[in-house]
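Just so it is clear: chains get the letters A, B, ... in the order the sequence lines come, proteins before strands, and each one is counted from 1.
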Amino acid sequence: MKKILIMIAAALLVVGTACTKADFEDAYPDPSKISTTTVEKQYSGFLSSNREYVLPYYWNYFVVLRTTLTRYTQAVGWVNSGGQYVPGEAGIGAYWETYYNLMAQYRELEKVYNATPADDQATKRIYMITAAIYLYDHTQKLVDLHGDIPFSEAGMVSTNGGDYEASLPKYDKAEDVYSKMLDDLKAFADELNTISVQSAIQTGFKNQDFINGGDLDKWKMYCNSLRLRMLTRVSGTSAFQSRANTEIAAILGNPSSYPVVADNDHNIQINVSNQNSPINSQQFQTGLEDWNGNLASQAMIDHMLANADPRLRAMYEPGAEAGGVYAGLDPLLLSNAQQTLLDAGTVTIYNRSTLSRNDYFPGMLINAAEVSFLKAEYYLNSGNDGAAKAAYNDGISQSVKNYYYFRSLSNDNVAGDLTPTDDSEITAYTAMNQMD
Amino acid sequence: MALILFCSWQFVLAQKTITGTVTDAKDGSTIPGVNVLVKGTTTGTTTDLDGVYSIKAGSGQTLYFHFIGYTDQNVVVGAEATINVKLEPSMEQLQEVVVTALGISREQKALGYAVTSIDSKDLTKTGTTSFATALYGKAPGVRIAQTPGGSTSAVNINIRGVNSITGRNQPLIVVDGVPIRDGEVKNNDYWNDQRLRGNGLLDINPEDIDNISILKGASAAALYGSEAVNGVVLITTKSGKGTKGWSVDLYSTYSADKIAYLPRYQTERGAGAPLNVSNGGQDEAGFIYYDTDGDGVKETRGILGYSINFGPKFDGKPTMAWDGVIRPYENQEDNYSNLFQTGLNSSTTVAMTHANESSNIRLSVTHQDNKGVSLGSENVKNIANLNSSFKLGKNYTVDLVMNYINQKVTNRPYSIDRLTNNFGGMMGRFDNGDWYLGKYKTSKGYRFVTVKGTQSLTPDENIIYNGMRGDIADFMWRVKENNSIENSNRLIGSLTNTWQITEGLKLRGRIATDYTNRGTENSNTSEIPLAFGYSGSFGLESYQNNIRYGDIMLMYMKKVTQDIEIGAMVGYTGQKETGTSMSRGTSDGLSTENLFDLAASVNTPGSGSSRYAIVKDAVLGTINGNYKNYLFVEGTLRNDRTSTMNPNNNSFFYPSVNSSFVFSEAFTMPAAISYGKFRASWGIVGNYPDMYSANIAYSQNTLGVQAVGGKPVLYTTIPGNMGNDAIRPEQKHEYEFGLETKFFVNRLGFDIAYYNGLIKDQILPLTIPTSSGATSVLTNIGTLRNQGIEIALSGTPVLTTNFKWDVQLNFSKNKNVVEKLASGSDELLHADYDGNAAQLISKVGEPMGDFYSHPVKLDANGGKIVNPDGLYQVDADTMVKIGNAMPKAVGGFINSFTYKGFTLEALVDFRFGGYVMPTALNWMTSRGLTEISTTAMDKEHGGLSYYGTTDANGNAINVQTDGATGPNGEKVYDDGILQEGVKADGTPNDYIASSAYYYWNVYNWGGPQYSYSRYELYIVENSYIKMRELSLTYALPVNVAKKIGAKNISLSVFGRNLFYFYRTIKDMDAEAATAGSRWFQQVNNVGTNPSTRTFGGALRVGF
């Protein structure tokens, strides 16, 4: 009897410690992650995955832009040094990788969408159209920076079940990427005019779409404005010239079917509404101001001073020791001389209240000023000088007002109160010699 | 060396030949092979097959008889010529047993693989607070490295090199047969965690350890399967076994840690720079002046507020320091050490044992109190250990082992990252830690305020003079005012039942737990008055970890014939580890100053949580046999499952075989050879992937409400680091040969092992082009090989009645090679430092961890190009290998001298090879703080004279001169350095650089696109020979001890980490870069805590 009891005790020990297959299955996945998602949630994940390159975040401004585009365009002034035009890997790679993360999230969205039943796919079509528009906006930027890029086969490793050797994508020719995008966007422009979104779907879409708040009209404007930008971009090439002229004419000639962003109220941008959410602009300050990344270039300041640009006081502020005098940094000075100017505190900097310390600065995608300038370029090339000038002046006005609008969002006043502008000041500016 | 010493002494006495027969006292049979030694000499022999010996000895000398399994016997030689001896069979002599996998004790000679066994007395000689730090140099093939910071900082153990390229590198720790929580740490991640963390092995009290077995090879550890690729450390705690009646032991130790091995600071000059290098408004002499009395005249001398220290030389004249005190302008000795305190450690253990026929118990209680060098840090531990065994009836035994650790850690050491890896925190020479202690807070208790006129309740106290390093003041504020109190309780307990079913058949079952519960309170003092804003914070954290473990084993042993014995075992083990952590903290400051509670949160308190679970189990079996007790073979097989792999693909087999042949028992050996054994083994062990890394799942999060009237925007993303459901464990296939010999009646011993391990299926997050849709995919792709030798040499060169000298040399050499990486890729990037300044890469055909950096640019003829500013041009387009991070050889050299009651023991440990990149040290050079940065600082230091001008292209250049001024009256400076090389036009370089400019720029931060820094100079070999432990012990004579009722009393003084005999990096402790559990966290960061040197004393009393 005693031995039997002992054997039972031993058996109990085994049972008590033995693991079942269910134990292993339960412990395999991370409990804080989920194994399935929905079109809605993945859509927002896709849109937000490159938010740090749409809103003014630190890395984009300090690492990427400070040593690359803002220098190449003389948007900023800087102290000369050796190899100053050679971009570091960090400046190039970060932007590239962010784009392909966006692409990976887009492919995942496609994968989730394709796995839903066909009738659900039909009702959720709006998600795919708008996602593609947003993807193409950023694809165009990457093509413009790099030329040929992996596109048609890119981002497929998850779709291919992790087979990374089968997922190494080919490079598509820049022209082919443009053609594909232009074809698709044209089709979207028409489809958006006819699509009907069930109200149940629209409710969810309105919430998940933090760019346009589910506003289909704004998506139409985004789509057509984007077409305008892309067509203008390639309008000088023989391959696209005739297509560009035809399609731009079609867009501008039929604003009811193909609306574009025509005033600042319709700017396509990500608004900052909640400082405690990941959609904010709090890193703008360090991103722009660190290492004197916010110095004004001489070209900008000289031009704005000479023409009494109403944006000057909104965009810039004089150096701390400059006695209120605006002065950009001369790029032709030796670095020692530049550094001395810097140390003396006389160089103009970007307006901290309007820009870098404006926690509500929106993430800009397409605005009315840009569209007006695109129109002006088209009219000018097609010999319609009057329309070109009108569009150009519209653009100036929209741009000026936009900067004052940015300042109105700001919660910072370190740069001092901003004297408002008015139409007469803008008109005077557009009438200046260099502007006329 | 030991061999030479053997020959160095002789006794000259009247010698005669003595013969005799040695027999078994019980059955009267003769015993062959008994060691017979004339005590105090090298003279020795062994008995022949008939038990007969013959030896030369003089009257009065002592003959010593030794044979395994019998009690030693001493016989004093008299007039007789024949001495017959009867040896008593001894239970004690069977002690040459070793604890092996799963806690099974086996005879040392039966093992076909290398096991290093370390006895308790070798762990406690110098009062180390952790058993792991007591292992330096004591086991061949084992490398120890501790993160500086004191008793709460993690200790790394590396066995036979590094076995995983990116995975775990730490061995499995098993206490009394039960795997315990150890945990990995990462102490180089300042921005996520400012305090230095420890690992679980620190909780095991060295005083409670009876012995440690280190299972190094795959065969030794094969029964631990996929947990054993890094080896296994088996700890057996002390018990009452083998004692009788009551005994009580008292052990008390006290020691102090002093900061040591700081860089060699320059002592000649303060902050600033020569005018021609940087003009910050200083005068020709390098000073600036303040108007302190408000008369409009700037009359008080001060220094520039620069972080670089190429300023004026110390002249002892009155100068304004940043704290507003005018002091002689002098080098401040020990200024950096003044930011810290002396660490004080004490530990007292009282242990009671009681044993009788049916039970034995050991109960010990330990109180430890350790203050680290970080201000305000203290670690108080109470440890209770119960180890008991009860016989229930004739065939049934119950063992109960409980280890309870109650710990209160106040302010874990604060990382000094901001003082080393940061220019703003590097203390100049005219600056002092003491000044910060007085100024880091205002008289009203708020954080210091800088700049005249800045809002403060005490504007007069604002720091307005140059020279304060803001990051040091900030460090001081954080160390003193951010308080963190951790209370934890840990219970490691096991219950083992053993049933001897019949003769030779045994059933053993065990359940065990390792449970930890820890609560932390973080209180950060308010920094500014409430009227100016909210500051300060309070947070609560709780952490629980629980390991449940169980095993059951059926063991069988039978003698088949007179000569052949076989055994077999089958068993099952299962283990589940779960953990949760939760935290909650105030948000946006405290609503009432210094009210430390969540209720004081200005906004809704924030929170965080995580949880995890790992499940493992295994079925295992062994079969073994021996022939005549001198030829042994054993085979083992384990099949295990782990939850970190796909449940449909998580079952793997781990076989091993090993054999040992004790040739000294099989054959008659020459008299000099007392023992000889050859061993060979082969086995497979593994390393499973990190928890949750294989599974592919979406991250879910929220963007919050983004529109008026909207709902929170929930979103998912697919991670950029793809998992892999088909992942397999890393597998090490290793074979090993060894030879163990003892000579001259065990006076000299050799143990040599060769091993060769191939670690296949390395789990790597393979980097793929991001355009594929992920940044990396988890793959089984690399192959690694570790091969090496381990030598243990021990000897007793001198053995006389009163004096004994023991020597032990442990040496191991490991060669690591990456044999394969991904197809189409022959390198793996581990880290890119400081904007492509340097890289840590593993390449096929090389050992893991090559440091690459940019060389100096060469022109077409191979000349080093010098820029007009006098510095070499760094080649931004190429990187070359500078050194490899893997140490080549490690070991220890132990000497022990005993004279009467005194024992002096000295342990030297060493490491050869292995490069590190201590960037912070070089940045100190860039700040002009190290001795090397004074090179050429003036004529006396070898500086060249030059004047500054402009060349035809408008470049500012310096031209060497002998004149008192330049040709156009330019000022002449005397701190010139000339680099050997060529100018852009190919002519020999004559551009002079100012020494200050040179050191400032060549040792600066950043890759070629950011700076002129030459990181190739930062990457240096880290070899050393160190006086690790020195102890002197005096055991009082027994009759003195008896007077106070004790059985024995001993007193000792000791020192640890005392000095270097040799080191390649003179400006830091060789272990300063140890900042995490994985190898690549141990090569770069020197921002943990200062290293220390320890002195102490101990008292041991047995009743």
Side-chain angles (χ1 to χ4, degrees), chain A residues 6 9-10 13-14 16-19 21 23-35 37 41-42 44-45 48-49 67 83 86 88-90 96-97 100-101 103-105 107-108 150 154-159 162 164 167-169 206-208 210 213 273-274 276-279 334 336, chain B residues 396 497 499 507 509 511 548-552 572 574 576 610-615 617 641 643-647 650 692 695-700 703-707 710-711 713-718 720 722 724-725 766 768-775 777 835-836 876 954 956 1007-1009:
Chain A
I6 290 170
L13 270 176
V14 179
T17 59
C19 304
K21 186 159 184 195
D23 291 331
F24 289 96
E25 283 167 355
D26 290 347
Y28 181 53
D30 184 339
S32 70
K33 295 191 169 180
I34 55 174
S35 57
T37 185
K41 285 195 281 192
Q42 184 60 24
S44 295
S48 70
S49 64
T67 59
V86 182
E89 201 285 326
W96 177 270
E97 276 158 27
Y100 282 104
N101 180 35
M103 175 63 96
Q105 303 307 333
R107 296 296 187 203
E108 199 64 25
M156 300 297 280
V157 71
S158 170
T159 308
Y164 56 90
S167 307
L168 297 174
K206 184 179 169 192
N207 200 59
Q208 296 303 107
F210 56 86
S273 57
N274 181 354
N276 293 322
S277 86
I279 294 180
L334 288 178
N336 271 348
Chain B
Y396 205 87
N497 295 271
W499 177 25
L507 181 69
I511 48 169
R548 274 191 302 138
Y549 173 87
D551 65 31
I552 184 151
Y572 172 84
K576 183 167 187 181
S610 72
R611 65 205 165 104
Y612 54 87
I614 297 184
V615 183
D617 75 348
R641 297 186 290 178
S643 66
T644 64
M645 286 170 284
N646 185 343
N650 67 350
Y692 306 139
N695 184 41
I696 303 168
Y698 296 98
S699 302
Q700 172 167 304
L703 293 171
V705 174
Q706 287 296 331
K711 288 190 291 187
V713 181
L714 302 179
Y715 71 95
T716 58
T717 48
I718 189 86
M722 287 270 291
N724 185 344
D725 281 335
L766 177 71
I768 59 172
T770 47
S771 54
S772 312
T775 52
V777 174
N836 195 235
Q1009 60 165 318

Ranking Met645(B), Arg611(B), Arg641(B) by heavy-atom pairs under 4.5 Å to chain A gives rank one to Arg641(B)
With a 4.5 angstrom heavy-atom cut-off, which part of Ile34(A) approaches chain B: side chain, backbone, both or neither? both
With respect to chain A, which residue among Gly720(B), Pro769(B), Ser772(B), Ala697(B) yields the maximal number of heavy-atom pairs within a distance under 4.5 Å? Ser772(B)
If you define the side chain from C-beta out and look only at heavy atoms, does anything of Cys19(A) sit under 4.5 Å from Tyr572(B)? yes
For a quick test of reading the model, state the closest non-hydrogen atom pair linking Ser158(A) to Met722(B) and the distance between them. CA-CE, 4.1 Å
Largest heavy-atom contact set with chain A, pairs under 4.5 Å, which of Ser643(B), Ala707(B), Gly835(B), Gly773(B): Ser643(B)
Taking every non-hydrogen pair under 4.5 Å, which of Ala104(A), Ala27(A), Ser167(A) racks up the most with chain B? Ala27(A)
Heavy-atom contact with chain B under 4.5 Å, split by part of Ser48(A): side chain
Is there a donor-acceptor pair under 3.5 Å between the side chain of Asp30(A) and the backbone N or O of Tyr692(B)? no
Among Ser44(A), Gly213(A), Gly162(A), Pro29(A), which has the most heavy-atom pairs under 4.5 Å with chain B? Pro29(A)
Which region of Asn836(B), side chain (C-beta onward) or backbone (N, CA, C, O), has a non-hydrogen atom less than 4.5 Å from a non-hydrogen atom of chain A, or is it both or neither? neither
Without hydrogens or angle criteria, can the side chains of Thr775(B) and Glu97(A) be said to hold a donor-acceptor pair below 3.5 Å? no
Heavy-atom pairs under 4.5 Å with chain B: which of Leu334(A), Asn274(A), Ile279(A) has the most? Ile279(A)
Partner chain A: residue of Leu714(B), Ile718(B), Ile696(B) with the largest heavy-atom pair count (under 4.5 Å): Ile718(B)
Given that the side chain runs from C-beta out, which part of Pro150(A) has a heavy atom under 4.5 Å from chain B: side chain, backbone, both or neither? side chain
Shorter than 4.5 Å, heavy atoms on both sides: which option in Gly710(B), Ala613(B), Gly704(B), Ser771(B) has the most such pairs with chain A? Ser771(B)
Relative to chain B, which segment of Glu108(A) carries a heavy atom at a distance below 4.5 Å: side chain, backbone, both, or neither? side chain
Which residue out of Leu703(B), Ile768(B), Ile614(B) racks up the most heavy-atom pairs below 4.5 Å with chain A? Leu703(B)
Minimum heavy-atom distance between Tyr698(B) and Thr37(A), given as atom pair plus value: CZ-CG2, 3.5 Å
Taking atom types as modelled, find out whether Tyr28(A) and Asp725(B) have a side-chain donor-acceptor pair closer than 3.5 angstrom. yes
For chain B, the option from Arg107(A), Lys206(A), Lys41(A) that forms the most heavy-atom pairs under 4.5 Å: Lys41(A)
Give the member of Gly155(A), Pro278(A), Ser273(A) that has the highest number of heavy-atom pairs under 4.5 Å with chain B. Gly155(A)
Output for pair (Gln42(A) CD, Tyr715(B) OH), nearest 0.5 Å, gives 11.0 Å
Side chain, backbone, both or neither: which part of Val713(B) has a heavy atom under 4.5 Å from chain A? both
Side chain, backbone, both or neither: which part of Asn650(B) has a heavy atom under 4.5 Å from chain A? side chain
One option among Pro169(A), Ala154(A), Ser35(A) has the most heavy-atom pairs under 4.5 Å with chain B, and it is Pro169(A)
List for me each residue that meets side-chain hydrogen bond (donor to acceptor under 3.5 Å, both in side chains) alongside Tyr100(A), sequence neighbours excluded, and say none if there are none. none
Here the gap from Asp23(A) atom CG to Lys576(B) atom NZ, rounded to the nearest 0.5 Å, amounts to 5.0 Å
